[in-house]
Amino acid sequence: MVFPFKSVEDFKINITEEHELFRKAVREVVENKVMPRWQEIEKNNEIPKEILEEFAQQGFFGVGIPEEYDGQGGGQLLVAILTEEVARAVPSLAVAIGVNHLFGIPILLFGNEEQKKKYIPPIARGEAFGAHANTEPVAGSDVAGIQTKARKENDHYIISGRKIFISGAEKADYFVVSARTMPIEQAIKETGKRWYGISLFVVERDTPGLKIGQRFNVIGMRGEQPYEVILDEVKVPAENLIGEENQAFKYIVTTYDHTRIGIAAQAVGIAQATFEQALNYALQREAFGQQLITFEMIVQKLADMYIKLEAARLLTYWAASLANQGRREFVIASSLAKAFATEAAEWIARQAIQIHGGVGVDEETGVARYLRDAVITTIYEGTNEIQRLTIVRQLVRQAFGLKI
């Protein structure tokens, strides 16, 4: 036994030639179509429509979505490779892909066949975009604390509330929206479960009462910064309820179990980009009459950067492999990958700036933007503090069958 896992075989990463061919194809598109425009995206705080159209033509929005719903298939590992390669150029563009999965995964896992056939194919083809509206001013990591309300009236639900930090909201055609169909006090009284009483709905953008509010000027992810979503007596057909009423807490956290692998992959892409920049600069720059790379301090930095980069990639691919196998152990692996990779990316980006010196904080070089984006990856999809809590809870449950 390899505590808390059962065998060393549990650490197998299933990489095939297909994965590498896919990586090369993505790298070519990204190098030719995306990398030359990173400054434009930073300046305008917008991803050009031509890039999104190119990604749609390449089928990138359908990666990880079953072929029966017009997707490309491929599972979590292929999604991780795509995300990593895109984030290496423009992390915010990787977010634009990731929010579609945040929308689609709860429908694919818990929705009915009609919902899957209606909403997933347009997303997979890149003809429509989705968003995931869960976070609120008083509830982010605390999913059970959401206050948006939904009441049923005949064959509809009426939803009212305010969501914040919703990525992709400005271009979303469909939203997955969480709301309380039972007050938290009643849920505790009747079930003893604080998380009980949350439901999940698909809300279409043109539904009366749904409004896109302010854009949050966060420090990074320019091109895909989050928005406020306001729901004022939004009338949603009962058939837009995903799964069962009052059970959506489980749907939401299960979705994050999957999608935080994508956040780890974003971080790997950021780490890869900044390591490459730092290594190239250390080879080209001279100080005190010699190359930077000949200084012991620089060598130590580069070595530690590379160690963390490869460890982050291995953890991310491992978590994705377990998810592809349908192994429940992937939950702890995805938290390990997310926490380690995002903190590694932040540290590696910081070292890259130090190696560049003054040039590193010049926006024209593009190094500092990765540090801003790396900080954000440590927060969304569950802060790294929450990941540590998940790791220990899953460890105790996995090893001893206990809940804490």
Side-chain angles (χ1 to χ4, degrees), residues 11 13 15 19-20 23-24 26-28 30-31 34-36 38-39 42 80-81 83-91 94 219-221 261 263-320 333 336-379 384 387-388:
F11 298 95
I13 298 174
I15 296 286
H19 291 110
E20 180 56 25
R23 180 195 295 281
K24 289 178 179 177
V26 175
R27 175 72 64 95
E28 183 178 358
V30 169
E31 289 285 350
V34 180
M35 193 68 86
W38 72 261
Q39 288 177 307
E42 281 285 308
I81 291 171
T83 304
E84 175 189 341
E85 287 297 323
V86 174
R88 176 177 167 270
V90 176
I219 64 170
M221 294 300 175
I261 298 173
I263 308 303
Q266 286 178 27
V268 173
I270 291 169
Q272 180 70 40
T274 50
F275 172 72
E276 289 177 12
Q277 288 180 301
L279 180 60
N280 288 334
Y281 190 77
L283 286 166
Q284 297 168 13
R285 178 78 160 88
E286 288 191 1
F288 304 101
Q290 59 190 90
Q291 289 178 302
L292 278 186
I293 203 164
T294 62
F295 290 93
E296 183 178 357
M297 185 178 296
I298 301 299
V299 168
Q300 289 178 349
K301 283 184 182 293
L302 288 169
D304 287 340
M305 291 164 74
Y306 188 52
I307 289 167
K308 290 179 184 291
L309 166 62
E310 296 300 359
R313 178 176 285 114
L314 288 170
L315 275 172
T316 301
Y317 288 9
W318 173 53
L336 287 166
K338 198 271 186 184
F340 185 88
T342 57
E343 289 171 11
E346 182 181 356
W347 187 87
I348 291 168
R350 182 71 181 86
Q351 303 314 306
I353 290 174
Q354 285 297 114
I355 289 172
H356 280 78
V359 177
V361 291
D362 182 349
E363 291 186 356
E364 292 298 314
T365 64
V367 182
R369 68 187 174 105
Y370 287 108
L371 178 58
R372 300 197 311 267
D373 292 349
V375 170
I376 291 175
T377 67
T378 68
I379 297 171
N384 285 358
Q387 300 314 317
R388 285 170 167 81

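Just so you know, these numbers use all the heavy atoms, side chains as well, and skip hydrogens, waters and symmetry mates. Note that the structure is predicted; figures quoted are calculated from it, not measured.
Listed by chain and residue number, Glu20, Ile81, Glu84, Glu85, Tyr317 satisfy the side-chain contact (heavy atoms from CB on, under 4.5 Å) test with Arg23 (two or more places apart in sequence, or in another chain). By the salt bridge (charged side-chain N to carboxylate O under 4.0 Å, His left out) test, Glu31 pairs with Arg88, sequence neighbours left out.
Rounding to the nearest 0.5 Å gives a distance of 12.0 Å between OG1 of Thr342 and CD1 of Ile376. How far CG of Leu315 is from CD1 of Ile261: 11.5 Å, rounded to the nearest 0.5 Å. In this structure, CD on Glu42 lies 5.0 Å from CZ on Arg372, to the nearest 0.5 angstrom. One finds the CZ atom of Phe340 at 10.0 Å from the CH2 atom of Trp347 (value rounded to the nearest 0.5 Å). Taken from CG in Leu302 to CZ in Phe275, the straight-line distance is 6.0 Å, to the nearest 0.5 Å. Interatomic distance, Arg388 CZ to Leu336 CG, rounded to the nearest 0.5 Å: 10.0 Å.
Within the structure, side chain to side chain donor-acceptor pair (under 3.5 Å) contacts touching residues 357-369 (residues at least two apart or in different chains) are Gln39-Glu364.
Between Ile293 and Leu279, the closest side-chain pair of non-hydrogen atoms falls below 4.5 Å. Under the 4.5 Å side-chain criterion, counting only non-hydrogen atoms from C-beta, His356 is not in contact with Leu292. For the pair Thr274 and Leu371, the minimum side-chain heavy-atom distance is 4.5 Å or more. Residues Arg313 and Thr316 fail the side-chain proximity criterion, which asks for heavy atoms closer than 4.5 Å. Residues Leu314 and Ile13 meet the side-chain proximity criterion, which asks for heavy atoms closer than 4.5 Å. Contact of the Tyr281 side chain with the Val359 side chain is registered, since non-hydrogen atoms from C-beta on lie closer than 4.5 Å.
Using the six-membered ring where Trp is involved, Phe288 and Phe295 have ring planes that are perpendicular, over 60° apart on the 30 and 60° scheme.
Heavy-atom minimum distance, Ile270 versus Pro91: CG1-CG, 3.7 Å. Considering all non-hydrogen atoms of both residues, Ala80 and Ala265 come closest at O-CB, 3.4 Å. The minimum heavy-atom distance linking Ala345 with Ala267 is given by the pair CB-O, 3.4 Å. When all heavy atoms of Ala341 and Ala264 are compared, the closest pair comes out as CB-O, 3.7 Å. Contact record, Trp38 with Ala89: CB-O, 4.4 Å, taken as the closest heavy-atom pair. Of all the heavy atoms in Ala282 and Ile298, the pair that sits closest is CB-CG2, 4.1 Å.
Side chains of Asp304 and Gln351: no donor on one and acceptor on the other come within 3.5 Å.
Counting heavy-atom neighbours within 6.0 Å of Glu296 CD, excluding the residue itself, gives a total of 12 or less. For Gln354, the CD atom counts as densely surrounded, since its 6.0 Å shell holds more than 12 non-hydrogen atoms of other residues, nucleotides or ligands.
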*Please test Gln387 against Glu343 for side-chain contact (heavy atoms from CB on, under 4.5 Å), starting from the C-alpha separation and ending with a verdict.*
CA-CA 12 Å; Gln387 300 314 317; Glu343 289 171 11; over 6 Å; no
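Although no hydrogens or angles enter the test, the distance criterion places no donor-acceptor pair under 3.5 Å between the side chain of Lys301 and the main chain of Ala352.
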